[in-house]
**Q** 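For reference, the structure I am asking about is given below.
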Amino acid sequence: METKKKLRPEMTQGQQTWHKYTDVPLIVASLAYLIAYTWRAIGDLSGVGWTLTTLTMTTTWLMFLIDYVVRFATAKERVRWFVTHWFDLLCVMVPVLRLVILLRVFTQLGSRWASPGDRMRVQVMVYGIGASVILVYISALAVLEAERNAAGATIKTFRDAIWWACVTVSTTGYGDYTPVTSAGRLTATALMFGGMALIGVTTATLASLMIEIASRHEADKGTKAVPQLPHFHLLHNHGACTENEVAGMDEDASTTVPSPDAQHGAFPDEDAPPTAPSSPAGSPSSPPTSS
């Protein structure tokens, strides 16, 4: 039988070497991007501060772009690698998402005793929650930076921006805070799609969990011992006959021997004395009749 190909293509030697030396620096760069962006958005910087934070963010973005290009160029099956590594492309657009990898320590808790399906669901939930928190935070910073100084804007503080991001990602939409700029509305659109994706992933994960729990319950019910009905023994000595009698019955179909069930019912009492079979009329064993 032909084995199925793995969903993700195996890493080449060049990719393994590259990943070994760039994994930690990229996580540090992602953290630096988050700090610089937070400082620039909340602090409403200008001049040297704005230039420094923008330079840090641009350098970080270039690091992630180079990492993606190198890994794509050294892949064996580039089309399949591109399809299966969509998260790396998201990290290029939003470098802060790289911090989600730090949450993998939580996906290893109890993995020794969990089934493969349970481990997959834990990873989906942990990474989904982590990505959602980062998405809400980055969207709040983006809408705050775009809306703070706009005419007629209602989102002017970070507290208002966080509230707006939480309402938008949950697709609730109270309407008390609404972006008025093009950049703010583009951020709101991306956040709404992210919220719908989060709800879909969460629903699918919970549905898969409930289906597996129900399957395990049915399997446990099937493996339990089924209670047996009381076992009744028929008295084989009731109406027993010799081999010659059996041969005679085969020759003469009209001669029948009553069965034990006919004499004592379906379930005879084992303590009841055996009853001799009745002899046909005219046989030597039958008592003489008076004329």
**Q** Residues in side-chain hydrogen bond (donor to acceptor under 3.5 Å, both in side chains) with Thr54, at least two apart?
**A**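 side-chain hydrogen bond (donor to acceptor under 3.5 Å, both in side chains) list for Thr54, sorted by chain: Arg40.
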
**Q** Are Val69 and Val92 in one and the same hydrophobic cluster, where Ile, Leu, Val, Met, Phe, Trp and Tyr link if side-chain heavy atoms are under 4.5 Å apart?
**A**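 Yes, Val69 connects to Val92 through the hydrophobic network.
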
**Q** Report the C-alpha separation of Thr59 and Tyr33 in whole Å, then their side-chain angles, then the decisive distance to 0.1 Å, and conclude whether the side-chain hydrogen bond (donor to acceptor under 3.5 Å, both in side chains) test is met.
**A** CA-CA 9 Å; Thr59 303; Tyr33 183 95; over 6 Å; no

**Q** What's the separation between atom CH2 in Trp86 and atom SG in Cys91, rounded to the nearest 0.5 Å?
**A** 9.5 Å

**Q** What's the separation between atom CZ in Arg98 and atom CG in Leu26, rounded to the nearest 0.5 Å?
**A** 5.0 Å

**Q** Just by distance, with hydrogens left out, do Tyr37 and Thr56 show a side-chain donor and acceptor under 3.5 Å apart?
**A**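 No.
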
**Q** Between atom OG1 of Thr60 and atom CG of Leu65, what is the distance when rounded to the nearest 0.5 Å?
**A** 12.5 Å

**Q** Heavy atoms, side chains only, cut-off 4.5 Å: are Val96 and Leu99 in contact?
**A** yes

**Q** Indicate the atoms forming the closest heavy-atom contact of Met11 with Gln15, along with that distance.
**A** CA-OE1, 3.3 Å

**Q** Excluding sequence neighbours, so at least two apart, what forms side-chain hydrogen bond (donor to acceptor under 3.5 Å, both in side chains) with Thr187?
**A** none

**Q** Please report the shortest heavy-atom distance between Leu191 and Ser139, naming the atom on each side.
**A** CD1-OG, 3.5 Å

**Q** As a quick check of understanding, evaluate side chain to side chain contact (heavy atoms under 4.5 Å, CB included) for Ser132 and Val169, giving each step before the final call.
**A** CA-CA 8 Å; Ser132 301; Val169 77; 5.7 Å; no

**Q** Considering residues at least two apart in sequence or located in another chain, which fulfil the side-chain contact (heavy atoms from CB on, under 4.5 Å) criterion with Tyr21?
**A**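 Scan of Tyr21 (side-chain contact (heavy atoms from CB on, under 4.5 Å), adjacent residues dropped) gives Thr17.
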
**Q** Decide side chain to side chain contact (heavy atoms under 4.5 Å, CB included) for Trp18 and Asp67; before the verdict, give the C-alpha distance in whole Å, the side-chain angles of both, and the deciding distance to 0.1 Å.
**A** CA-CA 9 Å; Trp18 178 264; Asp67 172 72; 2.7 Å; yes

**Q** What are the two closest heavy atoms between Pro25 and Met63, and how far apart are they?
**A** O-CE, 4.2 Å

**Q** Which heavy-atom pair separates Ala146 from Ala183 by the least distance, and what is that distance?
**A** CB-CB, 3.9 Å

**Q** Looking only at heavy atoms, what is the nearest atom pair of Val143 and Ala161, with distance?
**A**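 Heavy atoms of Val143 and Ala161 come nearest at CG1-CB, 4.0 Å.
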
**Q** Go through the structure and list residues passing side-chain contact (heavy atoms from CB on, under 4.5 Å) with Leu186, not counting sequence neighbours.
**A** none

**Q** Would you find a donor on one side and an acceptor on the other, under 3.5 Å apart, between the side chain of Thr12 and the backbone of Thr74?
**A** yes

**Q** For Tyr177 and Val167: C-alpha separation, side-chain torsions, deciding distance, then whether side chain to side chain contact (heavy atoms under 4.5 Å, CB included) applies.
**A** CA-CA 9 Å; Tyr177 296 101; Val167 169; over 6 Å; no

**Q** Under a single-linkage definition using a 4.5 Å side-chain heavy-atom cutoff for Ile, Leu, Val, Met, Phe, Trp and Tyr, are Tyr137 and Leu90 assigned to the same hydrophobic cluster?
**A** yes

**Q** Does a side-chain heavy-atom distance below 4.5 Å link Val100 with Phe87?
**A**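 Yes, close enough: below the 4.5 Å cut-off.
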
**Q** Within the 4.5 Å heavy-atom criterion, are Ile134 and Leu34 side-chain neighbours or not?
**A**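 With C-beta onward as the side chain, the pair stays apart.
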
**Q** Report yes if the side chains of Glu145 and Leu141 come closer than 4.5 Å at any heavy-atom pair, otherwise no.
**A** no

**Q** Does some side-chain heavy atom of Met57 sit less than 4.5 Å from a side-chain heavy atom of Ile35?
**A** no

**Q** Between Arg78 (side chain) and Ala73 (backbone), is there a donor-acceptor pair under 3.5 Å?
**A** yes

**Q** Would you please classify the geometry between the Tyr174 ring and the Trp163 ring as parallel, tilted or perpendicular, with 30° and 60° separating the classes?
**A** parallel

**Q** Under 3.5 Å, sequence neighbours excluded: what are the donor-acceptor pairs made by side chains of residues 42-53?
**A**
unit_1 : atom_1 : unit_2 : atom_2 : d
Thr51  : OG1    : Gly47  : O      : 3.0
Thr53  : OG1    : Gly49  : O      : 2.9
Thr53  : OG1    : Trp50  : O      : 3.0

**Q** Side-chain donor-acceptor pair under 3.5 Å between Asp176 and Trp164, yes or no?
**A**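 Result is no, nothing qualifies.
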
**Q** Please round to the nearest 0.5 Å and tell me the distance separating atom CG of Leu97 and atom CG of Asp88.
**A** 11.0 Å

**Q** Say whether, by atom type as modelled, one donor and one acceptor occur between the side chain of His85 and the main chain of Trp81 under 3.5 angstrom.
**A**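 It does hold such a pair.
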
**Q** May I have the list of side-chain donor-acceptor pairs in residues 149-158 shorter than 3.5 Å, sequence neighbours left out?
**A**
unit_1 : atom_1 : unit_2 : atom_2 : d
Thr154 : OG1    : Thr178 : N      : 3.3
Thr157 : OG1    : Asp160 : N      : 3.3
Thr157 : OG1    : Asp160 : OD2    : 2.9

**Q** If you compare all heavy atoms of Pro95 against all heavy atoms of Ser30, which two are closest, and at what distance to 0.1 Å?
**A**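 That closest heavy-atom pairing would be O-OG, 2.6 Å.
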
